[in-house]
K.L.:
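Handing you this structure, nothing more for now.
All values below come from the heavy atoms of this structure, side chains included, with hydrogens, waters and symmetry mates left out. All figures in this text were calculated on a predicted structure; none of them were measured in a lab. When a residue number appears, it is its place in the shown sequence, counting from 1.
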Amino acid sequence: MTIRVIIVDDQSMVRAGFAALLSAQSDIDVVGEAPDGRKGVEVSRSTHPDVVLMDVRMPEMDGLAATRELLDPPRGVVHRPKVLMLTTFDVDDYVYAALQAGASGFLLKDAPPTDLIAAVRVVAAGEALLAPTVTKRLIEDFTRTRPVRRDRSPQLKSLTPRELEVLELIARGLSNQEIAQKLVLAEQTVKTHIGRVLAKLGLRDRAQAVIFAYESGLVTPGEQ
């Protein structure tokens, strides 16, 4: 199945470069582009992409506001694309808010071309993409701006001990492969556990799982 993508970025050279790179892939079709968030929402509503590559900082409407409009649309609008945020800085102040708004992940603009292609495929498949530097930034932001929860959320009681372990390791920024190695499990088993965690907690993806792990008191920032 072909992955439909639009590119929203205020720099025309960036849009052209990403479009050329992605269009060269047999399973990716670039169906539109836009120079700002407001136009990006319009293009998304008309083309119904699977993935929106969304710059964070743009005129007219920034990537955060555009993401909110796309993923919390008005009544009658049913299409909700996956949003992959693009940023020049891995310390962008928008990280936490964008993930809460529903973005499926972040990617640095200077990442290798192969990383961009892989990111589009990962997000299109319904998984979240959080680079280690972005996960670190998310944790640091949480530590700085939010009080540490001393009691655990009652929702955690719905998880088995193994599922709690998996959720904690997700929050630490470990990949599925790293979790499998640490817990001595098959990678497919880890994926199954993650699926159950998301279903039980009503979470959309891995990005929301990281946020929940800290907000629920399962993981305390600064712990190893």
Side-chain angles (χ1 to χ4, degrees), residues 1 3 5 22 25 27-28 50-54 67 71 80-87 90 95-96 98-108 111-142 152-153 155-224:
M1 185 181 71
I3 303 170
V5 177
L22 295 174
Q25 310 306 308
D27 61 335
I28 299 176
D50 300 301
V51 177
V52 176
L53 292 182
M54 181 79 74
T67 296
L71 301 181
R80 289 179 174 82
K82 305 292 184 181
V83 176
L84 178 60
M85 306 297 294
L86 298 167
T87 181
D90 63 350
V95 170
Y96 191 90
L99 292 176
Q100 283 195 314
S104 292
F106 274 76
L107 190 70
L108 298 182
T114 53
D115 284 6
L116 174 62
I117 296 167
V120 167
R121 290 170 177 156
V122 165
V123 170
E127 298 184 31
L129 182 83
L130 287 176
T133 51
V134 173
T135 301
K136 181 174 182 291
R137 170 60 182 171
L138 175 62
I139 294 170
E140 289 176 348
D141 178 76
F142 189 96
R152 289 192 173 191
S153 167
Q155 287 181 276
L156 292 172
K157 294 179 180 179
S158 67
L159 303 182
T160 67
R162 179 62 84 188
E163 289 165 354
L164 286 170
E165 285 183 301
V166 170
L167 177 57
E168 180 177 347
L169 294 176
I170 290 174
R172 302 289 184 203
L174 274 66
S175 66
N176 288 358
Q177 184 178 20
E178 291 169 335
I179 294 173
Q181 292 173 346
K182 189 173 184 66
L183 299 181
V184 195
L185 298 171
E187 192 168 344
Q188 184 57 49
T189 302
V190 171
K191 291 181 180 179
T192 299
H193 283 310
I194 293 174
R196 289 173 179 165
V197 167
L198 298 181
K200 287 182 178 181
L201 298 177
L203 303 175
R204 183 182 53 254
D205 54 33
R206 196 185 197 94
Q208 282 199 330
V210 173
I211 293 173
F212 178 85
Y214 283 89
E215 292 187 334
S216 67
L218 175 64
V219 179
T220 301
E223 289 182 347
Q224 298 297 322

K.L.:
Write down the atom of A209, the atom of L198, and the distance for their closest heavy-atom approach.
P.N.:
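Taking every non-hydrogen atom into account, CB-CD2, 4.1 Å.
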
K.L.:
Looking at CE of M85 and OG1 of T87, how far apart are the two atoms once the value is rounded to the nearest 0.5 Å?
P.N.:
8.0 Å

K.L.:
Measuring from atom CG of N176 to atom CD of Q188, what distance do you get when rounded to the nearest 0.5 angstrom?
P.N.:
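CD of Q188 is found 9.5 Å from CG of N176.
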
K.L.:
Looking at side-chain heavy atoms only, is the closest gap between R121 and I117 below 4.5 Å?
P.N.:
yes

K.L.:
Taking the side chain as every heavy atom from C-beta outward, state whether H193 and L185 have any pair of such atoms under 4.5 Å apart.
P.N.:
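Side-chain contact under 4.5 Å: yes.
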
K.L.:
Look up atom CG in L174 and atom NZ in K182, then write down how far apart they are to the nearest 0.5 Å.
P.N.:
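Those atoms lie 7.0 Å apart.
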
K.L.:
If you compare all heavy atoms of A171 against all heavy atoms of V219, which two are closest, and at what distance to 0.1 Å?
P.N.:
CB-CG2, 4.0 Å

K.L.:
Do you know which two heavy atoms are closest between L203 and F212, and how far apart they sit?
P.N.:
CD1-CB, 4.0 Å

K.L.:
When rounded to the nearest 0.5 angstrom, what distance separates CG in L164 from OG in S216?
P.N.:
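Here the interatomic distance stands at 9.0 Å.
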
K.L.:
Is there a donor-acceptor contact under 3.5 Å from the side chain of K200 to the main chain of S158?
P.N.:
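It does hold such a pair.
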
K.L.:
Quick check: closest heavy atoms across V197 and L159, and the distance to 0.1 Å?
P.N.:
CA-CD2, 4.2 Å

K.L.:
Mind checking the CD-CZ spacing from E178 to R172? Nearest 0.5 Å is all I need.
P.N.:
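Here the rounded value is 14.0 Å.
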
K.L.:
Within a strict 4.5 Å, meaning less than it, do heavy atoms of the V5 and V52 side chains meet?
P.N.:
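A side-chain contact is absent here, since even the closest heavy-atom pair is not under 4.5 Å.
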
K.L.:
Looking only at heavy atoms, what is the nearest atom pair of Q155 and L201, with distance?
P.N.:
O-CD2, 3.7 Å

K.L.:
On a heavy-atom basis, which atom in L107 and which in A119 lie closest, and how many Å separate them?
P.N.:
CD2-CB, 4.0 Å

K.L.:
Can you tell me how far the CG atom of L218 sits from the CG atom of L167, to the nearest 0.5 Å?
P.N.:
5.0 Å

K.L.:
So L53 and L22, do their side chains get closer than 4.5 Å, heavy atoms only?
P.N.:
yes

